[in-house]
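The structure appears right after this line, and notes come after that.
Just so you know, these numbers come straight off a predicted model, no measurement behind them. Below, each value reflects all heavy atoms present in this structure, side chains not excepted, and no hydrogens, waters or symmetry copies.
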Amino acid sequence: MTGMLKIKLLEHIELYCKKLNLEISSEDIKSDFDDFTLRISAPEDLCALSQVFLLLKRMNDESRNLWVFTKSELCLPEYIYSAFNEYGVELDTTLKESFNRSTYKNGWCNEIPFYVLLIKSYEYKQDSKSLNLLANFICNYFKVIDTLTDPELATSSSTREAEVCNKFRLLMRKSNIAFEPDKNNILTDYLEPSSSIASRLESITNKDIYTSNVSDRAYLNTLIHFYRNDWQPARQYKHGSRQIDSIVKWYKKPNTLPITGAIDDLSVLIPSRAFLSDTEGLNLDDSEVQMPFVIDNNESNTARDKTDHQSIEMVFSPASKKKKQIDVTRNVHRAHNIAYQDTRLLKASELGLLFDTLTKYGRSDKNIELAILCWLMFLLGKTFNEIKSLQVFNKIDEKTRGLFLDENAKGWWYFPITQTAKPSIKKVGLIKTANGVFTACPTFLTDLIIKYLNGRKEGLIINVDNFAALETSLAKKLKRISDKSYSGRLSISSISNFIGNYINATGVIDPIYIDFSYDVKMYSTRVSRSYSNIDDVTRCERIFEFWQEIESDYYDYCKEKFPIKLFELKCFDKQNRRFGSKFTPEDMTVKALIAALALEVENAKLNSFKQLDAILKYHNAFTVYTAWMLMFGTGYRAVWNPLPTFSLYFPSLNLMGISDKDDSDFTHSRLVCLPSILNEQVTAYQEHLSCLRGLIRVLEPKLCQSIDGYLDVTFKTLGLDYKESCQWFKLIRNSRINHGPLFIFQRQRSGIVTRGISPTELVLRLHAEHDIPANAGRHWLKSSLLYNKVNSELVNFQMGHWQSGEVPLADYSALNYIDAVNELLPILDKLFKEVGWQTLKSDLI
């Protein structure tokens, strides 16, 4: 029946044309009819199609102009309309029932919502205003169809197209009495501009009647978005069985992490729970600007004496508040930029004093607990409270956070590695990672703990009833020892923060190695741990280098070797396990991806005629290749419109300005180093656009004007002042509507359109065998830089993982961009050559 109805309808139109002597061929009739059914999203069986013709008849009865306008929007030739309006079509009972059907089938509301809206029009109010509003809706629908069908903007249950069509249909029904009085105030006629309708709808929603009528208010709000075309992605994050909005994570019972190196008792507020990453491998925390909210724990935990009355002038004094803000900010900045000479960092003489004291305590049954506590804080970088929960175990199948004693009485620290990012099953070619890590415990400490356990092989390492008393005792002893040696620096805080302070001061290794090895969740690595992927051998070697550096400093000052061995370079097993990011592609995967992208460009090369469809296909392949290279070379987060402008591209310096995560002050805008191959590819892409505009200017003049703007933007922006530049950049960066130079062509129902590059689009352009996350390049680049021993400051510079007070573009920054490029460029060039990236010249030239 699917094809039979169409055959009968085409025969009916042909008979009508013959009767009126219209010289229209069968092929032209079929073509016109197919264009019409495609335009209205009619199903293959053309079920309920007569309802569309009845709608147009009602419009024709109301107004000739309204009818002409609507049939034009629906791409319906007048002779086809007349064929069904003037003569009835002869059909058998089954086909007639299908053709005249007035109800929709299951699934139509989501699959073909616009068609449902048309065939259910007999349920709408039939007055002049209602018909004009429907015609206006149809007109605007085709203007914004690309946005409505955009998968990036869809909710979890439907597209924006289905949402808009279904809610407009329900709003227009005759049974909806509440909307009847306000409908007359929305538009004058069907030619009313969309912005005007949106404003009037907005004023209507403020009326009292819609405060109680939740459904109609939701319908109107949907229409406001529809007419403004300002849709945003429906970002909801799964949290167990509940769906909650992302804003909740920042304000609902947040946890705190200490700011390593801060003099005062300052902590930074962090989300209270672990949130799932999106499917593109972008950690959700990485979408937020890392400007921490700081809390003073001393103020919040100290109870004020009821008899202590503060001065009212002090409470309300703006100067006092400003001074407090400045002091806290300065303290945080200093903690993030600790110097090697800083008093918060234990020096060689203090380390010697600490080791002598702990060796002495280890020989005493009375103080052995204090010795073990201090060693754990010092070697694992953990706070006093974190030591409480560490356990000892001797069965490999019963792993828990703490010390594993093997059959040879060797000690291994075990800690789980938890990742918020959960890769989907379909992703292929990604590096498999372990969920936990074993790290050798120094022999001297293993022996000390075994002695303290006295035959016990499971349970808490430090098993005491009163930890508070133990902490008080240790604090007093350390203060007494410090005062006696005229140092004053030996304390619980300086011992537990030693590793973090030393790494901040020297940058000898990236802190992620400590994070993975001992589950030290510093807020400075909270985001970067999601992008780092390392193997066990490299991890152990880096930690060994860390302690070797400290031993070297100790020897330079004391002229003697360390009295004990703080780290032993050995791996738990022969399998070189991988840890960290679950979204990092293997090198073979990257090579296969590059080869496939390059092959797409090669296969799309043009013949001598350069037909339009061939040009568009080649441009799409060339753009996708360039976009993927950009994502891998710059460490771009998975965002829309990754190259918004050429005006921040400096090819002579191998630098490009990008903004993939930012606030209103551009705190995380950054300059990144471009590998030489990528630098040449961006230049080649500029030449490609220049040739493209020349080839299609006659057919697409409006688009070519945009391309002119992309290529000439450098000269235009030079004349902007600071305020104008800010407004301009806020408009174009990561924009979904105003796409930049990286765009692709698509054929839609509205004709040939251009779309900006999006994360989903990049993935959809790949074949199934190359199904990797859009953010894979960021994971690959961070992990590759770690393997090549790049200084952690330069890794953060390239990745944008810096903290408050570490902004490279700030006036106070001492970072030299030329030096940074000179150090990064050889490594980036080597990485690009190893996986096979190459510069492709455009075939349009």
Is there a side-chain contact between I757 and L643, using heavy atoms and a 4.5 Å cut-off?
no
Less than 4.5 Å apart, side chain to side chain, heavy atoms only: is that true for F137 and F226?
yes
Partners passing side chain to side chain donor-acceptor pair (under 3.5 Å) against E62 (at least two apart in sequence or in another chain)
S128
All side chain to side chain donor-acceptor pair (under 3.5 Å) counterparts of E602, not counting sequence neighbours
K605
Residues K120 and Y122: side-chain donor-acceptor under 3.5 angstrom:
yes
Say whether, by atom type as modelled, one donor and one acceptor occur between the side chain of Y124 and the main chain of L131 under 3.5 angstrom.
no
So, N620 side chain and F745 main chain: donor-acceptor pair closer than 3.5 Å or not?
yes
Can you name the side-chain contact (heavy atoms from CB on, under 4.5 Å) partners of [X], sequence neighbours left out?
X    : answer
S690 : R693, L711
M629 : Y625, I677, L678, Q681, F832, W837
A592 : H770
S50  : F99, N100

Between Y227 and S196, does the side-chain hydrogen bond (donor to acceptor under 3.5 Å, both in side chains) criterion hold? Intermediate values first, please.
CA-CA 9 Å; Y227 280 108; S196 176; over 6 Å; no
With a 6.0 Å cut-off (strictly less than), is the heavy-atom count around CD of E86, excluding the residue itself, greater than 12?
yes
With a 6.0 Å cut-off (strictly less than), is the heavy-atom count around CD of E97, excluding the residue itself, greater than 12?
no
Salt bridge (Lys or Arg N to Asp or Glu O under 4.0 Å) against [X], all qualifying residues, sequence neighbours excluded:
X    : value
D61  : K57
K167 : E163
E192 : R200
K30  : D34

Show me the pairs that pass salt bridge (Lys or Arg N to Asp or Glu O under 4.0 Å) and involve residues 618-629, at least two apart or across chains.
none
Under the criterion side-chain hydrogen bond (donor to acceptor under 3.5 Å, both in side chains), I'd like the reasoning laid out for K18 against Y16: C-alpha separation, chi angles, the key distance, then a yes or no.
CA-CA 5 Å; K18 289 179 180 178; Y16 173 81; over 6 Å; no
Can you tell me how far the CG atom of L49 sits from the OG atom of S98, to the nearest 0.5 Å?
9.5 Å
Donor-acceptor list for residues 67-79 side chains, cut-off 3.5 Å, not counting sequence neighbours:
| unit_1 | atom_1 | unit_2 | atom_2 | d |
| --- | --- | --- | --- | --- |
| T70 | OG1 | L66 | O | 2.9 |
| Y79 | OH | D32 | OD2 | 2.8 |

